[in-house]
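Each remark here refers to the structure printed beneath this line.
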Amino acid sequence: QVQLVESGGGLVQAGGSLRLSCTASGRTFSSYAMGWFRPAPGKEREFVAAITQSGGVTYYADSVKGRFSISRDNAKNTVYLEMNSLKPEDTALYYCAATGFLAQTMRHSNPPYWGQGTQVTVSS
């Protein structure tokens, strides 16, 4: 079991930046691949980004590639999502998630552990 708590959301103007954080409980953080998701039309949640257990490999949705960056600090049990060049269509509740499986599985299947979400609002 792992519990996840997101922070860092807020209101920002288009073109601005935000950094989201997700801190996990427990001593096995480094055994989980981590990801970020957000709701999308027709979907409960869409994949945004994922990172492997070691942090060596990252994956991104096409809609955020080149603008968002996922990273992790296993010593702090924390994963980050650096969001740059934000657009109004990035407005959403952003969820952190964890899985004991491969990070790339997050593209197509729901991980078992979820945080409560942090709201990001981008004004035009």
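Throughout, residue positions are numbered sequentially from 1 according to the sequence presented. It should be emphasised that the depicted structure is a prediction, and the values quoted were computed from it without experimental measurement. Values below: every heavy atom of this structure, side chains too, minus hydrogens, waters and symmetry copies.
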*Between N84 and S17, do the side chains contain an N or O donor and an N or O acceptor separated by less than 3.5 Å?*
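Yes, a side-chain donor-acceptor pair sits under 3.5 Å.
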*Just jot down the ring-ring contact (aromatic ring centres under 6.0 Å, His included) partners of Y32, sequence neighbours excluded, or say none.*
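Once residues adjacent in sequence are excluded, the partners of Y32 under the ring-ring contact (aromatic ring centres under 6.0 Å, His included) criterion are Y113.
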Are [X] and [Y] packed together at the side-chain level, in the sense that at least one heavy-atom pair is separated by less than 4.5 angstrom?
| X | Y | result |
| --- | --- | --- |
| S25 | N77 | no |
| Q53 | S30 | no |
| M34 | L4 | yes |
| Y60 | I70 | yes |
| F37 | E44 | no |

[X] side, atom [atom1]; [Y] side, atom [atom2] - distance, nearest 0.5 Å:
| X | Y | atom1 | atom2 | result |
| --- | --- | --- | --- | --- |
| F47 | M106 | CZ | CE | 8.0 Å |
| L20 | T78 | CG | OG1 | 12.5 Å |
| L93 | R45 | CG | CZ | 8.0 Å |

*Look at atom CD of Q104 and say whether more than 12 heavy atoms of other residues, nucleotides or ligands are closer to it than 6.0 Å.*
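Yes, because the 6.0 Å sphere around CD of Q104 holds more than 12 heavy atoms from other groups.
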*Heavy-atom count around Q116 CD within 6.0 Å, excluding the residue itself: above 12?*
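No - once you tally the heavy atoms of other residues, nucleotides and ligands closer than 6.0 Å, there are 12 at most.
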Only counting residues at least two apart or in another chain, list the ones meeting side-chain contact (heavy atoms from CB on, under 4.5 Å) with [X].
| X | result |
| --- | --- |
| T52 | S54, V57, Y59, A103 |
| P88 | A14, V122, S124 |
| T121 | L11, T91, Q119 |

*Got a sec, which pairs hit salt bridge (charged side-chain N to carboxylate O under 4.0 Å, His left out) with one end in residues 109-124, sequence neighbours left out?*
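Sorted result for residues 109-124: empty, none.
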*If a pair satisfies ring-ring contact (aromatic ring centres under 6.0 Å, His included) and one of its residues is in residues 65-98, list it, with sequence neighbours excluded.*
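Applying ring-ring contact (aromatic ring centres under 6.0 Å, His included) to every pair that reaches into residues 65-98, excluding sequence neighbours, yields nothing.
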*Could you list all the side-chain hydrogen bond (donor to acceptor under 3.5 Å, both in side chains) pairs where at least one residue sits in residues 64-74, not counting sequence neighbours?*
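Sorted result for residues 64-74: D62-K65, R67-D90, R72-N74.
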_Apply the hydrophobic cluster definition, ILVMFWY joined by side-chain contacts under 4.5 Å directly or through others, and give me every member besides V5._
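Its cluster mates, by chain and number: none.
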*asked:* For E46, give me all partners under salt bridge (charged side-chain N to carboxylate O under 4.0 Å, His left out), at least two apart in sequence or on another chain.
replied: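 R38.
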*With S21, which residues qualify under side chain to side chain donor-acceptor pair (under 3.5 Å), at least two apart?*
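Scan of S21 (side chain to side chain donor-acceptor pair (under 3.5 Å), adjacent residues dropped) gives none.
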_Run the side chain to side chain donor-acceptor pair (under 3.5 Å) test against T118 and tell me which residues pass, sequence neighbours left out._
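Testing T118 for side chain to side chain donor-acceptor pair (under 3.5 Å), a comparison that skips the adjacent residues, returns none.
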*Where is the tightest heavy-atom contact between L18 and V120, given as atom of each residue plus distance?*
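For L18 versus V120, the nearest heavy atoms are CD1-CG1, 3.9 Å.
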_Nearest heavy-atom neighbours spanning T105 and T99_ =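 Taking every non-hydrogen atom into account, OG1-CG2, 4.4 Å.
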*Which disulfide bond (SG atoms under 2.5 Å apart) pairs, counting each pair once, include a residue from residues 47-124, with sequence neighbours left out?*
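The answer is C22-C96.
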